[in-house]
Amino acid sequence: MATTGLFISFEGIDGAGKSTHIDALAEAFRMTGRTVTLTREPGGTPLAEKLRAMVLNDAMDPLTESLLIFAGRRDHLVNIITPALARGEVVLCDRFTDATFAYQGGGRGFDLPTLQTLEQWVQGTESGAALIQPELTVWFDLSPEEAARRLAGARLPDKFEAQPVEFFRRVAQGYADRQKSAPRRFARIDASQSREAVWADVRHVFVAKGWLP
Ligand code: TYD
């Protein structure tokens, strides 16, 4: 049976708590008989995972950082995401390009038109018609103060997790701006609720789209 591939991304500032819900969605889709590709960015391929380690651990200027992230994204799209969608699979991607606009654009204040150019290069299609974008982006929206409370003492922070709360205020604004530019693609979830309430909201989005029973 031919099923159409489904590309879904998950976003939010560090500490917003998306991981358990992504895993639960993968399970829910598998229960319906769909094949799920669970993946993440930066990363998702052997090459992109090497780039991830550099991006998360090494100091670099924001253009270098953006180039490495988009290079990994290209490799990930070509080798994992596009083939999985062509096979009709559900691709659940923990972060995608909105994170670059939020973290590098918002958090680090890097030039948005340059990011838009990189997005065009990396996500452009042969037909030139449209960019490859998720069909749905689930945005776990949480205040930077609450996220910091949740992250405190959790584990050894990486380069981004170690940033001050003002950084995450700019990242959160970056996500809000991205949502404004593509409101139909985004589903905003109030991540300040209990885990059960967040899951109920997430599930509701997928049921309303007719993707889960
Ligand atoms: P994250 O997805 O939170 O993984 P983990 O749960 O293992 O920490 O970590 C990825 C980090 O990379 C996160 O701090 C956001 C950052 N990031 C960017 O700065 N730009 C990007 O384009 C992406 C995809 C992630």
Side-chain angles (χ1 to χ4, degrees), residues 7-26 38-45 47-77 80-81 91-112 114-123 131-134 137-142 144 146-148 150-175 177-179 186 189 191 195:
F7 181 21
I8 299 156
S9 66
F10 300 86
E11 299 284 358
I13 61 174
D14 289 277
K18 52 193 162 53
S19 308
T20 55
H21 303 293
I22 300 174
D23 291 342
L25 279 170
L38 199 55
T39 189
R40 69 169 181 184
E41 291 211 352
T45 68
L47 172 61
E49 290 290 330
K50 288 187 204 166
L51 297 173
R52 174 190 176 96
M54 297 177 200
V55 166
L56 294 193
N57 298 306
D58 299 343
M60 58 186 76
D61 87 276
L63 174 57
T64 308
E65 194 168 275
S66 302
L67 290 169
L68 292 182
I69 288 168
F70 270 110
R73 182 161 298 138
R74 179 69 187 175
D75 194 56
H76 190 205
L77 271 172
I80 299 290
I81 297 176
V91 176
L92 302 181
C93 193
D94 188 346
R95 302 189 185 281
F96 195 63
T97 303
D98 299 311
T100 317
F101 279 82
Y103 280 78
Q104 279 63 49
R108 304 206 60 191
F110 186 59
D111 186 49
L112 296 179
T114 303
L115 293 182
Q116 272 152 11
T117 300
L118 294 172
E119 183 184 34
Q120 298 273 342
W121 283 358
V122 167
Q123 290 156 245
L131 298 186
I132 301 172
Q133 291 286 17
T137 297
V138 183
W139 172 33
F140 294 86
D141 191 18
L142 185 67
E146 177 59 21
R150 290 186 188 180
L151 275 182
R155 59 177 170 184
L156 203 62
D158 64 34
K159 191 175 96 185
F160 294 108
E161 288 162 352
Q163 293 291 324
V165 74
E166 300 79 60
F167 176 88
F168 288 104
R169 238 173 251 136
R170 295 195 297 274
V171 174
Q173 186 57 50
Y175 277 127
D177 292 344
R178 272 297 264 191
Q179 185 203 25
F186 275 82
I189 302 290
R195 182 173 294 188

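In listed order, ligands and their atoms are each counted from 1. This is a predicted model, so every value here is computed, not measured.
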As a check for students: among [options], identify the option with a heavy atom nearest to [atom].
atom: atom 24 (C) of ligand 1; options: E41, E161, E65, K159; answer: E41
atom: atom 5 (P) of ligand 1; options: R40, R52, K18; answer: R52
atom: atom 10 (C) of ligand 1; options: R95, R108, E11; answer: R95

Which distance, rounded to the nearest 0.5 Å, do you find between the [atom1] of [X] and the [atom2] of [Y]?
X: R40; Y: F10; atom1: CZ; atom2: CZ; result: 15.5 Å
X: R74; Y: L47; atom1: CZ; atom2: CG; result: 13.0 Å
X: F186; Y: D98; atom1: CZ; atom2: CG; result: 3.5 Å
X: L51; Y: D75; atom1: CG; atom2: CG; result: 8.0 Å
X: D14; Y: L142; atom1: CG; atom2: CG; result: 11.0 Å

Nearest protein heavy atom to [atom], by residue and atom, and its distance?
atom: atom 12 (O) of ligand 1; result: L56 CD2, 3.4 Å
atom: atom 6 (O) of ligand 1; result: R155 NH2, 3.8 Å
atom: atom 16 (C) of ligand 1; result: F160 CD1, 3.7 Å
atom: atom 19 (O) of ligand 1; result: Q104 NE2, 3.0 Å

Against T97, only a single residue in Q133, Q123, E11, E41 fulfils side chain to side chain donor-acceptor pair (under 3.5 Å); can you say which?
Q123

Pairs of nitrogen or oxygen atoms closer than 3.5 Å, one from T100 and one from ligand 1: do any exist?
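N/O-N/O distance below 3.5 Å exists for this pair.
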
Is it the side chain (CB and beyond), the backbone, both or neither of [X] that lies under 4.0 Å from ligand 1, heavy atoms counted?
X: H76; answer: neither
X: P42; answer: both
X: T97; answer: neither

Okay, side chain of [X], backbone of [Y]: is any donor-acceptor separation there less than 3.5 Å?
X: E161; Y: D158; value: yes
X: R178; Y: Q173; value: no
X: K159; Y: D58; value: yes

Contacting atoms of ligand 1, where contact means under 4.0 angstrom from a heavy atom of [X]:
X: D14; answer: 3 (O), 13 (C), 14 (O)
X: A99; answer: 20 (N), 21 (C), 22 (O), 23 (C), 24 (C)
X: I69; answer: 20 (N), 21 (C), 22 (O)
X: R73; answer: 22 (O), 24 (C)

Donor-acceptor pair between T100 and R73 side chains, under 3.5 angstrom:
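Distance-only check passes for T100 and R73.
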
